[in-house]
Amino acid sequence: ELLGAILLNTLAITNYRSLQDIVVPLSNLNLVTGPNGSGKSNIYRALRLLAETARGGVISSLAREGGLDSTFWAGPKVISAAMKRGNAAIQGTHDNSRKRLKLGFAGTEFSYAVALGITPPVPYPSAFNLDPEIKREAIWQGELYRPASSLLERKDNLVKIRHARNWNVICQHLPMYESIFTHLADPGQAPEVMALREYIKQWRFYDHFRTDQEAPSRLPQLGSRTLALSHDGADLAAALQTIIEIGDGEGLAKAVDEAFPGATLNVQVTEDGHFSVLFRQQGLLRPLTGKELSDGTLRFLLWVAALLTPRPPALMVINEPETSLHPDLLPALANLIVKASQSTQVWVVSHAPVLINLLQRVEGCNAIRLQKEIGQTLITGQDRLTAPAWNWPT
């Protein structure tokens with residue numbers, strides 16, 4: 001267990017795309033695998049939606065996905081045994097008016113859940129009738145939700161918080177398009193909200209860095225001390241220099257040499273403060289600039305900068321890190337991921353057999369294999385007896 005940090009123990013998702021109802025156990029190092037179309041990207045996107053809730057962007061994120069209605073599970077509410085055997089037609093109701101998209105997690109300190117629903121038509125002209133509403137939020141202590149363990153309850157516009165054995169209403173008119181995290185983050189009145197908001201805001205997501213010839217990471221950039229690589233990798237050179245100066249410079253050099261034997265990495269800084277990567281390979285008489293690096297080399301350096309961050313986040317989620325990498329680079333990448341998992345909780349989505357095999361050998365790796373059954377994402381080998389316990393706030 002990571003010392004002094006909140007850890008996610010369980011992730012729960014209901015009614016999001018192929019995730020009709022799924023509860024995922026979590027550890028320090030989590031590896032999500034499965035065939036194409038099994039739902040790996042849906043779990044990744046659901047995690048991002050949870051993060052956007054704390055940042056105030058969940059409504060706009062759902063709008064970019066086509067609206068809440070388009071993200072709902074499109075299959076029947078109940079899948080019978082006859083449907084699974086193919087002896088009955090796939091059928092059921094398809095009324096989205098009362099459906100809820102539910103996202104939640106259980107942590108070592110606090111747990112949280114949110115439910116979003118369709119906005120009912122307002123009695124006045126509005127261009128926002130397709131916006132979803134936040135119908136329910138709850139924060140509780142411990143992993144399993146119980147009324148007795150609940151610390152904060154939000155139902156529609158009303159929010160109440162527990163003080164000793166009593167409930168105090170702290171807001172009666174919370175806008176349905178705003179989360180408690182953006183409206184009630186008062187350390188005096190609601191310290192649990194503040195603690196969870198700051199925790200979720202630390203999550204980092206890395207997904208398909210750009211490596212085309214005009215990618216920002218290839219070009220000289222004005223730099224400043226960079227404790228965390230940006231999501232697009234634009235500040236790569238500054239992030240690498242920060243690791244060299246105040247982070248694990250030795251680990252950086254070791255990772256580069258492991259991936260490219262005999263290679264060394266330097267960062268050039270001009271008088272006007274522009275940073276650029278210089279990569280020297282064995283046998284070459286001059287270093288290569290960012291413009292000259294192959295896609296795979298540049299992408300590996302981006303992963304080095306992300307995973308050796310001097311300021312580890314609460315949770316790091318990396319999606320298909322093997323993209324554009326030669327299989328020979330995957331052992332070095334696996335070592336970086338394992339090292340990162342010693343100081344932060346890591347979630348890896350991958351379909352590369354080499355990387356999967358390397359990570360699965362690590363003691364304590366939580367390997368989650370997904371499969372599809374009648375359009376529904378399931379965890380291979382999980383049933384009602386082996387799934388983590390989870391209760392949604394009613």
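- Using modelled atom types, no side-chain atom of K99 and backbone atom of I118 make a donor-acceptor pair closer than 3.5 Å.
- Of all heavy-atom pairs between W392 and I13, the closest is CZ2-N, 4.1 Å.
- L315 and I318 are assigned to two separate hydrophobic clusters, defined by single-linkage of ILVMFWY side chains at heavy-atom distances under 4.5 Å.
- A donor-acceptor contact under 3.5 angstrom links the side chains of S179 and E137, judged on distance only.
- Checked against the 6.0 Å centroid criterion, the rings of F300 and F260 qualify as a close aromatic pair.
- A donor-acceptor pair is defined here as one N or O able to donate and one able to accept, closer than 3.5 Å; such a pair exists between the side chain of E292 and the backbone of T289.
- Note that the CG atom of L144 and the CG atom of N391 stand 4.0 Å from one another [nearest 0.5 Å].
- Note on ring orientation: taking the six-membered ring where Trp is involved, the planes of F209 and Y206 are tilted (angle from 30° to 60°).
- Not a single donor-acceptor pair under 3.5 Å links the side chain of D248 to the backbone N or O of L308.
- Checked by atom type and distance alone, the side chain of S341 never pairs as donor or acceptor with a backbone atom of Q345 at under 3.5 Å.
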* Under the salt bridge (Lys or Arg N to Asp or Glu O under 4.0 Å) criterion, do R64 and E52 qualify, and how do the steps go? -> CA-CA 13 Å; R64 288 192 295 272; E52 288 299 327; 5.2 Å; no
* To do: For the pair Q221 and L219, evaluate side chain to side chain contact (heavy atoms under 4.5 Å, CB included) and give the outcome as yes or no after the intermediate values.
  => CA-CA 6 Å; Q221 302 280 340; L219 308 174; 4.0 Å; yes
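- Both tests do not hold together for R197 against F181: distance to the six-membered ring centre under 6.0 Å, angle to the ring axis within 45°.
- To the nearest 0.5 Å, the span separating CG on L293 from CG on L302 amounts to 10.0 Å.
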* Give the C-alpha distance, both sets of side-chain angles, the deciding distance and a yes or no for side chain to side chain contact (heavy atoms under 4.5 Å, CB included) between L49 and Y16. => CA-CA 11 Å; L49 282 176; Y16 180 70; 3.6 Å; yes
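- Between the side chain of K40 and the backbone N or O of P35 there is at least one donor-acceptor pair closer than 3.5 Å.
- None of R162, R136, K160 except one satisfies the salt bridge (charged side-chain N to carboxylate O under 4.0 Å, His left out) rule with E153; the exception is R136.
- Counting only N and O atoms by type, the side chains of S294 and T297 include a donor and acceptor under 3.5 Å apart.
- In this structure, R100 CZ and E133 CD are separated by 8.5 Å, a value rounded to the nearest 0.5 Å.
- Across S217 and G233, no two heavy atoms sit closer than the pair CB-O, 3.3 Å.
- At most 12 heavy atoms of other shown residues, nucleotides or ligands fall within 6.0 angstrom of atom CD in Q282.
- Under a 3.5 Å cut-off, the side chain of R17 and the backbone N or O of T71 do not form any donor-acceptor pair.
- Remark: the N335 side chain and the E258 side chain contain an N/O donor-acceptor pair separated by less than 3.5 Å.
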* Asked: Given the rule in the ring-ring contact (aromatic ring centres under 6.0 Å, His included) test, do W390 and W140 qualify, once you have shown the distances and angles that lead to the verdict?
  -> CA-CA 12 Å; W390 177 265; W140 64 96; 5.6 Å; yes
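- Within a 6.0 Å radius of NZ in K254, no more than 12 heavy atoms belonging to other residues, nucleotides or ligands are found.
- Side-chain N/O atoms of T380 and Q371 include a donor and acceptor closer than 3.5 Å.
- Pairing each heavy atom of L284 with each of R280, the nearest pair is O-NH1, 4.5 Å.
- Taking every heavy atom of both residues into account, V24 and P388 meet most closely at C-CG, 4.2 Å.
- When all heavy atoms of H231 and F205 are compared, the pair lying nearest together is ND1-O, 2.7 Å.
- Rounding to the nearest 0.5 angstrom, the gap separating the CD atom in Q241 from the CG atom in D235 is 13.0 Å.
- With 3.5 Å as the limit, one finds a donor-acceptor pair spanning the side chains of E143 and N9.
- Closest heavy-atom contact between A255 and L336: CB-CD2, 3.9 Å.
- Between the side chains of T14 and D21, a donor-acceptor pair is found at a separation under 3.5 Å.
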